[in-house]
Amino acid sequence: MIAEPDFRLADFEPADAASELAESSIWAGDLTVLAEHHTTPEGTHSYLVAHDRSMTWGVPGDPALVAIKITRDLRERTFTFETANHASLAFAQNWLIEHGCPPERIAQAKGDSLKPADDLTLWVERQIRESGSRYKVLDSWTSDFAPSETWTLTRDSSAAQAPIRVFLEEGNPDAHTYTMREGAFADEAAARHWLEDRGSPLPQPPDYRGEAAARLTRAALTRSAGASAIPKAGLDTGNAPSAGTGQRPTPRRPM
């Protein structure tokens, strides 16, 4: 069953031209809601993350997730509508948190979307969600199969070494799970070379060294009850995804 969004805008008018354009550019029938929060009882704000199935036919590699913030003026019966596109759920959640959404209200994905495969994935995603403006997104890529993956290329403003960070999400449709790993590079050129070549494991950030066990332990302790059945990864999995070729697929698999 596809969970289409309810924007809750009956009897409301856009407050400005930008909101009118943003709202009219999205068709609810194309969206599958992954996470949402609506304030109650006043209902002044709505925050949603959705998968946009229309991106299947768009520009190859474009982000397929959209974060939406709706603010309603109950007295004037108007609304503002803001959106941002992202390659991964954690970055979309981060955008919503930065725009006022309570973190705990948007942290869990719902429905039959892929589940985190291990504790390190949970930790990396939580780090992204709670990072504020730490990561400046430079580029991203989304592919739904062969292989099923997304990556987000960022600059880490808090990193003393290797400030260019790649967040690589790899899906396993057969197991209905995915992993998220963080890689660190000295500059953007080195990161793009790795993304094209994949001839070596994804290099771990310098601050990971000697802390992997502690990070996994903290992730396990903070894991939500809904993720209690997620299998744990051993430390030997480290931070490296499977090293593949640089071939970049173009089609997407609808969720």
Does this structure show an ion pair linking [X] with [Y], if we count only N-O contacts that are shorter than 4.0 Å?
{"X": "R192", "Y": "D139", "answer": "yes"}
{"X": "D30", "Y": "R53", "answer": "no"}
{"X": "R181", "Y": "E125", "answer": "no"}

Grab the two heavy atoms, one from [X] and one from [Y], that are nearest each other, plus how far apart they are.
{"X": "R77", "Y": "A10", "value": "NH2-O, 4.1 Å"}
{"X": "A184", "Y": "P206", "value": "CB-CD, 4.0 Å"}
{"X": "R72", "Y": "R8", "value": "NE-O, 3.0 Å"}
{"X": "S133", "Y": "E98", "value": "N-OE1, 3.9 Å"}
{"X": "L114", "Y": "H176", "value": "CD2-ND1, 3.3 Å"}

Side-chain heavy atoms of [X] within contact of [Y], under 4.5 Å:
{"X": "L31", "Y": "H51", "value": "no"}
{"X": "S46", "Y": "L48", "value": "yes"}
{"X": "S54", "Y": "W27", "value": "no"}

- Task: Check whether more than 12 heavy atoms from other residues, nucleotides or ligands sit under 6.0 Å from atom CZ of R105, and answer yes or no.
- Result: no
- State yes or no: do L74 and F79 share one hydrophobic cluster built from I, L, V, M, F, W and Y residues joined by side-chain heavy-atom distances below 4.5 Å, directly or via other members? yes
- Item | Stepwise ring-ring contact (aromatic ring centres under 6.0 Å, His included) check, F91 with F167 | CA-CA 10 Å; F91 276 100; F167 292 92; 5.6 Å; yes
- Query: When rounded to the nearest 0.5 angstrom, what is the spacing between CD in E82 and OH in Y47?
  - Reply: 9.5 Å
- Task: Tell me whether the centres of the aromatic rings in F7 and F12 are closer together than 6.0 Å.
- Result: no
